[in-house]
Amino acid sequence: MQIFEDHDFIKHATIVLNYLHNGVACLEINPDNSLKLIYVNQVITKMVGKDFDDLFDLYQDNVLDMLYPADQSRFYNDLISHRTNMEYFRGTYRFQTVQNTTTWALGHFQFLKQRGKDVCIILLTNVNDFISAQIKVEEDYDNMWQHILNNIPIGTAIISKEADKYSIIALNDPLKTFANHVGEMIDGTKRDWNKENLSILLNQSIYTFCLNEDIPLVEKALTDCLSEPTSETTFRLAGSTESNPIYIHIKCSSNIFSPTKTFYYILFTEVTKEVLTEQELQANQLLLTRLSYYDNLTGFKNRNAYSEFTDNAKFDSNHSVGIAFLDANGLKETNDKLGHAYGDRMLQQLANIVKEYVDYTNVYRISGDEFVILEPDADKDAFISKILTVRRALIKNDNIASLGFTWEKDMTNLKQSIGSAEQAMYMEKHKYYASTAASNSKHRPRLLRNLLYNLENGRYVMYLQPKCDTDSYIATGAEALVRFIDKDGSILPPYEFIPQLEREKLIPKIDYFILEEACKYLETLKAKNITDFVVSVNMSRISFEELNFTEDVKDICSKYDFNRNQLEFELTETYKTIDSMRLNTFLKRIKALGISISLDDVGTDYSSLTMLIMDEIDVIKIDRSLITQINGRPAQILLKNIITTAHELGLKVIAEGVETDEVRLLLKDLGCDQYQGYLMSPPIPVEEFNQRFMRHYTE
Ligand code: C2E
Ligand code: MG
Ligand code: MG
């Protein structure tokens, strides 16, 4: 047989064999890392239960098959990695035995070069024999196992399993200390277990210390370590509660001693803190995910989630989608008037209404007061009927939000479809405002309802503030300014209510009201034959953009008999945001009615100056903020230039906020035509105005 060719080697191996009575094997390692068995001694042939020839037939080229399957790759990897430097190593591996059980063997691996080839001589010590011999001999706890175990600083037990019955072979002192410690953790009672009573408890049931629900985890670990080198699991200690769980980690390894008997080696560690930290981390992770996708206030998804959905659904043509766009009515007003907490409650109320009919995971809050419902794979009829129900519910609840919707058979143009739903929502809002303004519908938003009520009940009134030429104290005109008379008779200035009305697009109601009051007043002047006194009315940009603005103005004016050239509209610089072509057309129509136009608050915004070049402007009103600085040279230079420019353009100039005679005189010197301000009077009720400023006309 080829394997006996190398006489030196056999001699060497035989000496080792005779001397040690241990298993000896010799492997050749080829350049491609394949293995070839070239020698085994009788200890090994006995262990495998085959004679030399059979053994070599079977294993010469498949040497790894001699090992227990779970240990084969570890054995091979260890061998190849140490071969690189030809360095000695030790390792313990399980081998298949003749009885078809496994046996643990400790191997000493020594590499040699033999005739240019890499050879490894392996000396094997059967650790199983050693174990069984020890167990047989020593029944008491002072045995060697105890000694070895006690040198392990971690709680360790050796357990045997025979005919499905587990018995404690040995446990170490650290395990005893450990058991007393975790026992006390469970209920605060000190334990004084020694190894004997612990063994008795464990012999009754190996799961004595395991919470019933977690027994399967331990069973699995004990099974897994039969096929894997080690297995591990974490279970809760018996007596653990939700509020006081104690987690135990075990690491197991096994050794099949005979077809009927297996040994388990188990290491115990208490890991409660680690598990709880891990659980907390996971919970935080969950919470973070929730926070990053959900809106805290309403429980709906947030803009983040919305962007993710809309981006990903871009090309999805396999799914239909139902879309609704909601916009809370009057949220800003509520926030301003009643505070943010109240506004929040309003949004929650809105959310609750929607949640009654729609799965909240399909609703997104995409801005402070806007919501989008996206229902993938929605059936058209079912979706529409559901959304109409939502709309009815919203209307019933004080018309808390306006809603527009659409249904699309695929999601290819999701963003565009959402745009259509949004457009439909705006139509609803508009239609709604238009209809509620004309009717007495109880579904009007509260602000509009209050506004109309207060207008009807004379709570809004027109005040007049005189305008005079800079060289006199005689009023030649007046600005009409709105005031609100509160329940207690106190007078609210416009800044307390106008911004809100502007935001809710309700300011036209006020403007039309003051316009009508001004017309009425001009009619009384005509009756008195006063034909050169001009009354100006502030006209908000929002009013200007009303659908039928010029028609409305015409209708109001035609109700009264007065000279149209005694009426003036004051426009603020916010008009500059209107497209200039459109603005021009509108201004022309106003001018066509005979009404003159003044540009208010000039000097507050540089760009308002560009409006000066519009043909339709007749007057510019310089803002109070510039007038208050009139004593400084820069303001004077600026004023002088504005006035000169205006005059060159054929415009009249009036200064606001003139509080002293000194300012009046300075303005006069600068060439300003008129002034308005507390020097003459603040805005006052019409009757008082007539008393103080109109008497000279009639006297
Ligand atoms: P405005 O059109 O620039 O009106 C001039 C404001 O300056 C008035 O305040 C007036 O009371 C104030 N004022 C006049 N002379 C003096 C003065 O010598 N010293 C001081 N400190 N203030 C003076 P008011 O009545 O509170 O109106 C504020 C703004 O509210 C107005 O500014 C106007 O933009 C707006 N407003 C008032 N009535 C209406 C209205 O009927 N419709 C619209 N759209 N806006 C209005
Ligand atoms: Mg004004
Ligand atoms: Mg002004």
Side-chain angles (χ1 to χ4, degrees), residues 451 454-455 459-468 470 473 475 477-485 490-521 534-546 549 552-553 556 567-575 596-605 608 611 617-630 653-664 666-667 672 674-686 688-689 693:
L451 176 67
N454 290 327
L455 278 170
R459 300 285 286 279
Y460 287 99
V461 293
M462 177 181 76
Y463 271 36
L464 292 173
Q465 185 179 30
K467 295 178 184 177
C468 307
T470 41
Y473 301 114
E479 178 174 6
L481 293 152
V482 67
R483 292 292 181 267
F484 182 78
I485 317 288
S490 60
I491 294 156
L492 297 189
Y495 66 80
E496 297 240 356
F497 54 90
I498 283 192
Q500 211 174 75
L501 293 173
E502 281 188 330
R503 277 198 300 267
E504 285 299 315
K505 309 252 186 290
L506 292 175
I507 193 70
K509 301 264 169 295
I510 295 289
D511 286 349
Y512 288 170
F513 168 75
I514 295 293
L515 172 63
E516 187 151 1
E517 291 298 293
C519 294
K520 250 186 239 173
Y521 184 69
V534 176
V535 176
S536 62
V537 172
N538 293 284
M539 213 30 94
S540 151
R541 185 181 67 95
I542 295 157
S543 309
F544 217 72
E545 287 193 297
E546 282 285 279
F549 178 67
D552 293 343
V553 169
I556 293 168
L567 183 61
E568 187 177 283
F569 281 177
E570 292 193 9
L571 318 182
T572 60
E573 90 282 5
T574 56
Y575 276 81
S596 51
I597 291 174
S598 129
L599 190 58
D600 206 351
D601 303 339
V602 170
T604 48
D605 183 346
S608 65
M611 282 178 73
I617 311 279
D618 301 292
V619 180
I620 62 164
K621 291 190 80 173
I622 297 174
D623 194 63
R624 197 166 73 85
S625 56
L626 248 183
I627 303 302
T628 51
Q629 301 177 61
I630 199 166
V653 182
I654 177 166
E656 280 182 335
V658 178
E659 297 185 353
T660 63
D661 213 35
E662 189 196 340
V663 173
R664 177 187 69 85
L666 268 171
L667 285 165
C672 182
Q674 286 194 308
Y675 69 95
Q676 176 184 344
Y678 291 178
L679 169 64
M680 280 298 286
S681 167
I684 48 176
V686 174
E688 191 184 337
F689 187 86
F693 298 108

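Counting starts at 1 for both ligands and their atoms, in listed order. Keep in mind that this is a model prediction, so the values were computed, not measured.
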Subject >> Location of contacts on Ile514 toward ligand 1, heavy atoms closer than 4.0 Å >> reply: side chain
Original post:
When you measure from atom 27 (O) of ligand 1 to every protein heavy atom, which one gives the shortest distance, and what is it?
Top reply: Pro494 CG, 3.5 Å
Original post:
Does some side-chain heavy atom of Pro466 sit less than 4.5 Å from a side-chain heavy atom of Phe689?
Top reply: yes
Original post:
So, the side chain of Gln676 versus the backbone of Ala478: is there a donor-acceptor pair under 3.5 Å, distance only?
Top reply: no
Original post:
How is the N/O/S atom of Glu479 that comes nearest to the Mg ion (ligand 2) named?
Top reply: OE2
Original post:
Any donor-acceptor pair under 3.5 Å linking the side chain of Arg459 with the backbone of Ile485?
Top reply: yes
Original post:
Do any non-hydrogen protein atoms sit less than 4.0 Å from atom 9 (O) of ligand 1?
Top reply: no
Subject >> From Ile654 atom CD1 to Glu479 atom CD, the distance as rounded to the nearest 0.5 Å >> reply: 8.0 Å
Subject >> Straight-line distance of Ser540 OG to Leu506 CG, nearest 0.5 Å >> reply: 11.0 Å
Original post:
Considering only heavy atoms of Glu656, which atoms of ligand 1 have at least one such atom less than 4.0 Å away?
Top reply: 1 (P), 3 (O), 5 (C)
Subject >> Where ligand 1 meets Glu659 - atom numbers and elements under 4.0 angstrom, heavy-atom basis >> reply: 17 (C), 18 (O), 19 (N), 20 (C), 21 (N)
Original post:
Which protein non-hydrogen atom lies closest to atom 37 (C) of ligand 1, naming both residue and atom, and how far is it?
Top reply: Leu481 CD2, 3.4 Å
Original post:
Looking from the Mg ion (ligand 2), what is the angle between OE1 on Glu570 and OD1 on Asn538, to the nearest 10°?
Top reply: 90°
Original post:
Nearest protein heavy atom to atom 34 (O) of ligand 1, by residue and atom, and its distance?
Top reply: Asn538 OD1, 4.3 Å
**OP:** Please round to the nearest 0.5 Å and tell me the distance separating atom CG of Leu481 and atom CD1 of Ile684.
**Re:** 11.5 Å
Subject >> Sub-4.5 Å side-chain heavy-atom contact between Glu568 and Asp618 >> reply: no
Original post:
Of the protein's non-hydrogen atoms, which lies at the shortest distance from atom 15 (N) of ligand 1, and what is that distance?
Top reply: Gln465 NE2, 2.9 Å
Subject >> Identity of the N, O or S atom of Asp601 lying closest to the Mg ion (ligand 3) >> reply: OD1
Original post:
Rounded to the nearest 0.5 Å, what separation is found between the CD atom of Glu656 and the CD atom of Gln465?
Top reply: 8.0 Å
Original post:
Is the closest protein non-hydrogen atom to atom 43 (C) of ligand 1 under 4.0 Å?
Top reply: yes
Subject >> side-chain contact (heavy atoms from CB on, under 4.5 Å) partners for Leu492, two or more places apart >> reply: Phe484, Asp486, Glu496, Phe497
Subject >> Close side-chain approach of Val658 to Leu667, heavy-atom, < 4.5 Å >> reply: yes
Original post:
Is ligand 1 under 4.0 Å from a heavy atom in the side chain of Asp511, in the backbone, in both, or in neither?
Top reply: side chain
Subject >> Atoms in ligand 1 with a heavy atom of Glu570 nearer than 4.0 Å >> reply: 2 (O)
Subject >> Closest contact, heavy atoms only, Ala480 versus Ile514 >> reply: CB-CG2, 3.8 Å
Original post:
Do you know which of Ile597, Asn538, Leu599 makes side chain to side chain contact (heavy atoms under 4.5 Å, CB included) with Glu570?
Top reply: Asn538
Subject >> Heavy-atom protein contact below 4.0 Å for atom 20 (C) of ligand 1 >> reply: yes
Original post:
Counting each atom of ligand 1 from 1 as listed, which ones have a heavy atom of Asp601 under 4.0 Å away?
Top reply: 3 (O)
Original post:
What class does the angle between the rings of Phe569 and Phe549 fall in, given that below 30° is parallel, 30 to 60° is tilted and above 60° is perpendicular?
Top reply: tilted
Original post:
So, does Gly657 sit close enough to ligand 1 that a heavy atom of it is under 4.0 Å from the ligand?
Top reply: yes
**OP:** Considering only protein heavy atoms, determine whether one is less than 4.0 Å from atom 32 (O) of ligand 1.
**Re:** no
Original post:
Nearest to atom 38 (N) of ligand 1, what protein heavy atom do you find, and at what distance?
Top reply: Val482 N, 3.2 Å
Subject >> Element-labelled atoms of ligand 1 that are located less than 4.0 Å from some non-hydrogen atom of Ser540 >> reply: 44 (N)
**OP:** Determine, considering heavy atoms only, which of Arg483, Glu479, Arg624 sits nearest to atom 25 (O) of ligand 1.
**Re:** Arg483
Original post:
To the nearest 10°, what's the angle at the Mg ion (ligand 3) between atoms OE2 (Glu656) and OD1 (Asp600)?
Top reply: 90°
Original post:
Given Ile620, which of Asp601, Asp600, Val602 fulfils the side chain to side chain contact (heavy atoms under 4.5 Å, CB included) condition?
Top reply: Val602
Subject >> Given Leu501, Asp511, Ile510, the one that forms side chain to side chain contact (heavy atoms under 4.5 Å, CB included) with Val482 >> reply: Ile510
**OP:** Provide, to 0.1 Å, the distance between atom 23 (C) of ligand 1 and the closest protein heavy atom, together with that atom's residue and name.
**Re:** Tyr678 CE2, 3.5 Å
**OP:** Tell me whether Ser536 has at least one N, O or S atom under 2.8 Å from the Mg ion (ligand 2).
**Re:** no
Original post:
If you measure only the distance, is there a donor-acceptor pair under 3.5 Å linking the side chains of Lys621 and Ser536?
Top reply: no
**OP:** Identify, by atom number and element, the atoms of ligand 1 in contact range of Ile498, meaning under 4.0 Å from any of its heavy atoms.
**Re:** 36 (N), 39 (C), 45 (N), 46 (C)
Subject >> Residue part near ligand 1, for Pro683, under 4.0 Å between non-hydrogen atoms >> reply: side chain
Original post:
Does Met462 come within less than 4.0 angstrom of ligand 1, counting non-hydrogen atoms of the residue?
Top reply: no
**OP:** Please work out whether any backbone atom (N, CA, C, O) or any side-chain heavy atom from C-beta onward of Val537 is under 4.0 Å from ligand 1, and answer side chain, backbone, both or neither.
**Re:** neither
**OP:** Please indicate, with yes or no, if any protein heavy atom is found under 4.0 Å from atom 6 (C) of ligand 1?
**Re:** no
Original post:
Roughly how far, to the nearest 0.5 Å, is CD1 of Ile627 from CD1 of Ile622?
Top reply: 5.5 Å
Original post:
Is the closest heavy-atom distance from Lys621 to ligand 1 below 4.0 Å?
Top reply: no
